[in-house]
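Below is one structure, written out as structure tokens; comments come after it.
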There are 2 protein chains.
Amino acid sequence: MRLEYGPSVARLHKLRIELINTGTELLLGNVLNTHQQWLCRRLFEAGYRVERQVCVPDTGEAIQQALREALARADLVICTGGLGPTSDDLTRDLVAQLLGCKLVMDEQVRGVIRDFFAKRNRPQPARTEVQALVPEGARVLPNAVGTAPGLAMEVAAGDFRDARSWLFMLPGPPRELHPMFMQHALPMIRSLLPLEQRLACRTLRTSGIGESMVEERIAGPLDELVRGGLELGYCARTGEVDVRFVGSAPLVSEAEQIVRKILGEYVFGIDDEKIEEVLVRLLAERKQTLAIAESCTGGLIDHRITNVPGASAVLLAGLVTYSNEAKQKFVGVKAESLKEHGAVSEVVAREMATGVRQALGADYGLSVTGIAGPSGGSAEKPVGTVFIGLAGGDRVLAKKMFNPFDRETFKHVTSQQALDILRRFVVKTA
Amino acid sequence: MRLEYGPSVARLHKLRIELINTGTELLLGNVLNTHQQWLCRRLFEAGYRVERQVCVPDTGEAIQQALREALARADLVICTGGLGPTSDDLTRDLVAQLLGCKLVMDEQVRGVIRDFFAKRNRPQPARTEVQALVPEGARVLPNAVGTAPGLAMEVAAGDFRDARSWLFMLPGPPRELHPMFMQHALPMIRSLLPLEQRLACRTLRTSGIGESMVEERIAGPLDELVRGGLELGYCARTGEVDVRFVGSAPLVSEAEQIVRKILGEYVFGIDDEKIEEVLVRLLAERKQTLAIAESCTGGLIDHRITNVPGASAVLLAGLVTYSNEAKQKFVGVKAESLKEHGAVSEVVAREMATGVRQALGADYGLSVTGIAGPSGGSAEKPVGTVFIGLAGGDRVLAKKMFNPFDRETFKHVTSQQALDILRRFVVKTA
């Protein structure tokens, strides 16, 4: 049993878990490392915490050094990448070398790889057979959507540290890793390394309030719980602040109640709920529909909503009315309004919201018109100026926001604000 | 000077650079670590390679251990996170402790922080002043969009390793880190650690061909260059394969020529060009316009195109015709076609493409109709079935694809295919 003290917290950890992500493309910055987030999240949901993550290039020396260091400290090491068929896929060989065991051709895996190509009527490149070489003693984790199997190996006590440990090797491509981890690796981890105590984690997701202000409001009221063992963390992203609690279930539950009471409507959801998921659920529960006319957000609001299963019951259409002609033709914006106020104006935002709602016969019409930049701004309407319109019930409203960010952040923040404005409106409209 | 041997390559490195990303939220999987990719990419573009990246939680012990290990090996250590005002922001204190120096109140930074709040008419939380505490001897890197300054410190020879090294501490939020790095940190790194030799890197981005097949075709022809020092790597993502060359400029240039000759049209761009960037550029050069009718991709194609500066010259409108009614009303799909063939059919894809093109008077009409899942499939049209339609010149075509993936991957792959089909069509249509 190992006790670690955080700033004011005692944490009980019986297991130390480390991740190693291999891949030169990760260190050249060509590819985003999504494994870290995905694996850490899945492990935490199962009650396990990752203590360290490392990324190394595809060189023998770097991979072996990282493995050696991690195995000297951790009960479980999960290593991703390097299991494919190409010349820079070294993990199998390196691990066999490091653990002093032979690579053996696994006939069952070889057959699976052959079938993979046969089923798809594709010729099988000869090199793909190396993926059927398995370190002696390793357990094979089947790959349902690719050719490289995962591998799980016991590392004997005394090899790198006093106690025994486990080394899992998983494929690099996310769509192969994800099902393999959920269906094979995680169940195996659960049975090999059962937990005695599970911590609860709850994140409250807020929108529309800054990080320092959140802390100022809740730190005092939570102080007693923190001294009693609650771990409190903040994570600020543009347009959102997460408040995170980790601790025993009763502590976490009490902390949530306290903070919800203080922050009220600023809290839009929990854990990794996105605003769009909350919104689609609210509308589906009320059997209400939505139509969207967006300009500067360019399809992002539609895209976010349609990522949510069940969106088709809620979203009738999304119109990316990117030109003035499209605004007039599809959502009935008046030529005079465009001439007198300009496309980026409260008047036009209201007409877009009303127009798209009527055109589709939806319960709500949501609109966005603004200047994403980098060009198109003026002294009166600088880049970042945006109007969000909303038509629902017998009301039409428009809000002006100022989001002076790079184009992609502008789109994200504006879509966040539009979805949140709609969310609050729907919640209030019984 | 340090020589490292990769699989068949000698690499000259005079500098060892390591990244440390701090943040418990990263190891709980709450937040995606984008710093790794962004910093590695910016450094590589400037000629520097990162040899290792580590992520540790917000605990004193973990951060100090990671710093100690990195400083024992590297010439330059860049550490992100932990510079904010909240209770889990420990980096300043830990570094001061580790390097045995005092924290001193920097009056200029203090003034900047006060101004930040004053300018925005926001009350200044008292705790934000801790961000003006600076380890003695550190250089301050100004923060143009937030309150926490970055810090750069020289670490004396003998403290952690024989040679002197540099430690940079940068804020966690990406929109603060990015400008600070480009405007202050990187120029400082360039002057403190000048390079003697720069390597060239080129990535050829391909679509529509599998990784093993790419390797089978190009590995032989490139073998001589590889033995001459070219580093060759592959990175496969769903629907794309990157071929990466690193080496001297002449080697890389020759490798590119060889591979372009072999792979031809499969190559859609270089480095981190996205298909949509290539497409917008092609259309803008030809002064041609585009209208899109998408259903199952739900706005993603529009969103991708409108991420590209200059898209407004090219995209007239994007219609997310998510319901059958919307398909009829906005792009003129015939009721009989929907009845006889169903929304997900070649006939409807062609009508959508022709209809949206005519409605906007665009040069090209692009359409997508399919079944993203998880529900909605049938024996005849399983989840993943999708038709991509294209109207341009005097031609109308439709392609059937089968993308049996989770919803988000389905949307991504389908949008990729649609954009690539349009790209090849535009290129051929002179």
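Only heavy atoms go into these numbers, but all of them, side chains included; no hydrogens, no water, no symmetry mates. Numbered from 1 within each chain, the chains take letters A, B, ... in sequence-line order.
- Highest contact tally toward chain A, considering only B/Thr203, B/Val246, B/Leu319, is held by B/Leu319 [criterion: heavy-atom pairs under 4.5 Å].
- Of the options A/Glu51, A/Arg52, A/Arg49, a side-chain contact (heavy atoms from CB on, under 4.5 Å) to B/Pro57 is made by A/Glu51 and by none of the others.
- The candidate from A/Val308, A/Val145, A/Val214 with the greatest count of non-hydrogen atom pairs under 4.5 Å with chain B is A/Val308.
- Contact of A/Tyr322 with chain B is made through backbone and side chain together, with heavy-atom distances under 4.5 Å.
- The side-chain contact (heavy atoms from CB on, under 4.5 Å) search around B/Asp272 returns B/Arg41, not counting sequence neighbours.
- Using a 4.5 Å cut-off between heavy atoms, B/Ala291 does not touch chain A at all.
- Taking CD of B/Gln65 as the start and CZ of A/Arg73 as the end, the distance is 5.5 Å to the nearest 0.5 Å.
- Side-chain contact check for A/Leu360 versus B/Phe330: some heavy-atom pair is nearer than 4.5 Å.
- Looking at A/Glu25, the atoms closer than 4.5 Å to chain B (heavy atoms on both sides) sit in the backbone and in the side chain alike.
- The shortest side-chain heavy-atom distance between A/Glu294 and B/Asp302 does not fall under the 4.5 Å cut-off.
- Both the backbone and the side chain of B/Asn30 have a heavy atom closer than 4.5 Å to some heavy atom of chain A.
- The two residues B/Thr128 and A/Ser212 make their nearest non-hydrogen contact at CG2-OG, 3.8 Å.
- Contacts of A/Ala219 with chain B are absent, with no heavy-atom separation under 4.5 Å from either backbone or side chain.
- The aromatic rings of A/His303 and B/His303 lie parallel to each other, their planes meeting at an angle below 30°, with 60° marking the opposite boundary.
- Note: B/Pro309 leads B/Cys235, B/Pro173, B/Pro309 in heavy-atom pairs under 4.5 Å with chain A.
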